[in-house]
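One structure is given below, encoded as structure tokens.
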Protein chains: 2
Amino acid sequence: MIDQHVVAAEPLRHASPEDTRERILAAAREVIAKKGKRGATTREIADVAGVNEATLFRHFGNKGALIIAVVQHFCGFVELRSVTSQLNGAIEDDLFVIGKTMMDRMESQSDMIRWSLVEADYEQDLFAETAWRPQIAILELVTEFLQARIDAGKLRGDATQLALIFMGLIFTHVMTRKKFSHFDWLADDEAAIRRYVDVFLNGVRSK
Amino acid sequence: MIDQHVVAAEPLRHASPEDTRERILAAAREVIAKKGKRGATTREIADVAGVNEATLFRHFGNKGALIIAVVQHFCGFVELRSVTSQLNGAIEDDLFVIGKTMMDRMESQSDMIRWSLVEADYEQDLFAETAWRPQIAILELVTEFLQARIDAGKLRGDATQLALIFMGLIFTHVMTRKKFSHFDWLADDEAAIRRYVDVFLNGVRSK
DNA sequence: GAACGATGCGTGTAAGCACTTGCATTAGGA
DNA sequence: TCCTAATGCAAGTGCTTACACGCATCGTTC
């Protein structure tokens, strides 16, 4: 069992404490993504960070606090302005942009989303809460978007329901892409999104 | 931290070894669903089963073997005949029946599907394999079903893609229902399925 | 150059956990 | 009635893991 990490091996006395903290956070995320919260040991996290285990505790006090810090650090708020500025009015195009943003977000946090699904977290609901917040933010954006089109008579149905359905398409894509990697068309994200938008808007029935 | 379990508290010397085995399997699944594989201790599993810890090891040898036994025991093969016999030819109705079957299956195994999503399982791919097998079986059924309609010119698109999209709707429903429990319309499974079928077939655009 | 703060390093501890073992108990079958 | 197989029970073993502590080292700042 030989672990290979990308981190530099040289001892880093020269680095600033903020940098050390950052390295630990990144390492913690990496290890937790692989082994889970319980499976990730402070020992391994420190090793991956290229930092002594004691340093880890000096920074975060205990493992629980470290985990909380990881979640809070990597689940920042979504910059929604950048999304809305790209919308041009055509429903297909706009939904594509929204879908792309959703997918990128989910992809970059898919590890934490997975873990939030596994834990019916008796003690720390905060984890799931924080992991889902960015997604919910986008969901609300989609809901507003759809509501406007429904009001305009262009779409039919309940906005929140439809938003959840649309997000579900992206969600499934991200969650099951590894499981169904033999379907090679899953690899082309943008084509897949276009397909989802098409089905979402027009259904699968022949005209 | 007071744990309350449904199992009978009385010591059961009278039970047959098969019954004991069954109790342990059920308890293991229950505990693992709550705490995860690593978090579930043989101690707690034995307690929940109302059985001595030593008995657990006498039956299964070690924890790993117990987990494998749990998966194999609770992921039986799907009875597909009961599905196909209910199809009546109307696409809406048929998709509803299929969707309902899918949802029931996924619901009853949602815990194991969740675990399989977490890749922490360096060593045992068998787990994910077994957990997904019933779902894949239904997926193939749906693919065939859709392919027939595509060939008949009733539907458009690629059968496998569409099957995955349809399954994704159900998948998301099951996986996120707790996370979005405040959307009360998620509680009514059958209504939700009808909605999914409708969107899947007709899209959301106004006519 | 002295003081300080951040880190490395090693050692240690207490708890938790998988798993073992030896022995007593009991129900059912011969 | 005796034997056996299944279980309870209690104590124990060895390993892992979170976390603490004291001390040496080195870079920065005054």
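First the proteins, then the strands, lettered A, B, ... as listed; each starts at 1. The structure displayed is predicted, hence computed values, not measured ones.
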Which pairs of donor and acceptor atoms, one on a side chain in residues 136-147 of chain A, lie under 3.5 Å apart (sequence neighbours left out)?
from     : atom 1 : to       : atom 2 : distance (Å)
A/Thr143 : OG1    : A/Leu139 : O      : 2.8
A/Gln147 : NE2    : A/Asp151 : OD1    : 3.0

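Counting only distance, with no hydrogens or angles, the side chain of A/Arg114 and the backbone of B/Leu117 share a donor-acceptor pair below 3.5 Å. A donor-acceptor distance shorter than 3.5 angstrom exists from the side chain of B/Arg38 to the backbone of A/Lys35, with no hydrogens or angles considered.
Counting non-hydrogen atoms under 4.0 angstrom, A/Ala46 reaches nothing in the nucleic acid.
Map A/Arg58 and A/Thr42 each onto its nearest nucleotide of DNA chain D; the residue landing nearer the 5' end is A/Thr42.
Rounding to whole angstrom units, CD1 of residue B/Ile45 and P of C/dG16 are separated by 18 Å. Straight-line distance from the CZ atom of B/Arg38 to the C1' atom of C/dG16: 15 Å, rounded to whole Å. Atoms CZ (A/Arg43) and P (C/dC9) sit 10 Å apart, rounded to a whole Å. The distance between atom CG of A/Asn52 and atom P of D/dC23, rounded to the nearest whole Å, is 17 Å. A/Phe57 has its CZ atom 17 Å from the C1' atom of D/dG22, to the nearest Å. If you measure from atom CG of A/Asp47 to atom P of D/dA18, you get 12 Å, rounded to the nearest angstrom. Residue B/Arg23 contributes atom CZ, which lies 9 Å from atom P of D/dG8 at whole-angstrom precision. Rounded to whole angstrom, the span from the CG atom of B/Leu56 across to the C1' atom of D/dA6 amounts to 14 Å.
Distances from the side chain of A/Val51 to the nucleotides D/dA18, C/dG8, C/dC9 place C/dG8 closest.
Distances shown here put every side-chain N or O of A/His59 at or beyond 4.0 Å from the OP1 or OP2 atom of C/dA6. Distances shown here put a side-chain N or O of B/Thr55 below 4.0 Å from the OP1 or OP2 atom of D/dG8.
B/Arg194 and B/Asp198 are not joined by a salt bridge, as no carboxylate oxygen comes within less than 4.0 angstrom of a charged side-chain nitrogen.
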